[in-house]
Chemist: 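Got a structure for you, written out below as structure tokens; questions coming shortly.
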Amino acid sequence: MNADIEKKIGKNIRRLRKRANMTQEHLATKLQLNGCDITRSSVAKIEAGQRHLYPDEIIMLKQLLNAEYEEIFDIT
């Protein structure tokens, strides 16, 4: 995947997480409780565009962050 696109998606996730008033630790815990094997460090790497997202993580992020897919994947 294109590194620039991953960085933009990561930035979107960071913005949505902050909008939801969550820390990286809080988000990672919520993801874990919903079956995603992820750590706070992994959340930080996703937000920095250094780690790929898995489909189950994307679905859960959408729900936990009360976001639309368009908000996650907006690369404009």
Side-chain angles (χ1 to χ4, degrees):
M1 188 174 221
N2 183 306
D4 289 334
I5 291 173
E6 288 194 38
K7 285 180 184 177
K8 288 177 183 177
I9 291 171
K11 212 175 195 183
N12 293 340
I13 291 170
R14 177 182 294 120
R15 179 181 47 77
L16 293 166
R17 175 181 58 77
K18 288 183 177 187
R19 181 181 79 182
N21 209 19
M22 282 190 219
T23 64
Q24 290 176 344
E25 186 68 39
H26 189 205
L27 180 57
T29 299
K30 284 185 164 252
L31 286 163
Q32 290 167 4
L33 290 172
N34 284 282
C36 293
D37 185 21
I38 194 166
T39 63
R40 189 224 43 94
S41 175
S42 294
V43 171
K45 287 179 181 177
I46 289 167
E47 290 183 357
Q50 299 172 347
R51 181 186 174 280
H52 298 294
L53 281 164
Y54 293 99
D56 60 332
E57 295 169 345
I58 296 167
I59 293 166
M60 197 55 53
L61 282 167
K62 178 189 180 294
Q63 293 173 354
L64 294 174
L65 298 174
N66 195 26
E68 299 297 325
Y69 289 118
E70 292 81 11
E71 293 178 286
I72 295 171
F73 293 109
D74 180 17
I75 59 169
T76 58

Chemist: How about Asn12 and Phe73: do any of their side-chain heavy atoms sit closer than 4.5 Å?
Modeler: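 No; the side chains remain at least 4.5 Å from each other.
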Chemist: Can you name the closest pair of heavy atoms from Thr39 and Ala28 and give their distance?
Modeler: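 Taking Thr39 first and Ala28 second, the nearest heavy atoms are C-CB, 3.7 Å.
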Chemist: For the atom pair OG1 (Thr29) and CG (Asn34), what is the distance rounded to the nearest 0.5 Å?
Modeler: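 CG of Asn34 is found 11.0 Å from OG1 of Thr29.
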Chemist: Ignoring hydrogens, what is the shortest heavy-atom contact between Arg14 and Ala48? Give both atom names and the distance.
Modeler: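 Heavy atoms only, the tightest pair is NH2-N, 4.1 Å.
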Chemist: Give, for atom CZ of Arg17 and atom CG of Leu64, the distance between the pair rounded to the nearest 0.5 Å.
Modeler: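 CG of Leu64 is found 13.0 Å from CZ of Arg17.
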Chemist: Do Ile13 and Ile59 land in one hydrophobic cluster if side-chain heavy atoms of ILVMFWY residues count as linked below 4.5 Å?
Modeler: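 Yes.
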Chemist: From Asn2 CG over to Lys7 NZ, what is the distance, rounded to the nearest 0.5 angstrom?
Modeler: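 These two atoms lie 10.0 Å from each other.
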Chemist: Rounded at 0.5 Å granularity, tell me how far CG in Leu27 sits from CD in Gln24.
Modeler: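 If I round to the nearest 0.5 Å, the distance is 8.5 Å.
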Chemist: Check for me, please, whether Leu65 and Tyr54 land in the same ILVMFWY cluster - side-chain distances under 4.5 Å, paths through other members count.
Modeler: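 No, because Leu65 and Tyr54 fall into different hydrophobic clusters, even though each may have its own neighbours under 4.5 Å.
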Chemist: Show every side-chain hydrogen bond (donor to acceptor under 3.5 Å, both in side chains) that has at least one partner inside residues 56-70, sequence neighbours left out.
Modeler: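 Listed once each, the pairs are Arg51-Glu57.
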Chemist: Does the side chain to side chain contact (heavy atoms under 4.5 Å, CB included) test come out yes or no for His26 and Arg40, once each step is laid out?
Modeler: CA-CA 8 Å; His26 189 205; Arg40 189 224 43 94; over 6 Å; no
Chemist: Is a salt bridge present between Glu71 and Arg19, judged by a nitrogen-to-oxygen distance below 4.0 Å?
Modeler: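 Arg19 and Glu71: salt-bridged.
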Chemist: Taking side chain to side chain donor-acceptor pair (under 3.5 Å) as the test, write out the residues that go with Gln50, two or more places apart.
Modeler: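 Gln50 satisfies side chain to side chain donor-acceptor pair (under 3.5 Å) with no residue once adjacent residues are dropped.
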Chemist: Could you state the interatomic distance from CD1 (Ile9) to CD (Glu47), rounded to the nearest 0.5 Å?
Modeler: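 Interatomic distance, Ile9 CD1 to Glu47 CD, rounded to 0.5 Å: 13.0 Å.
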Chemist: Would you give the length of the straight line joining atom CG of Leu31 to atom CD1 of Ile38, rounded to the nearest 0.5 angstrom?
Modeler: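 Atom-to-atom, Leu31:CG and Ile38:CD1 are 5.5 Å apart.
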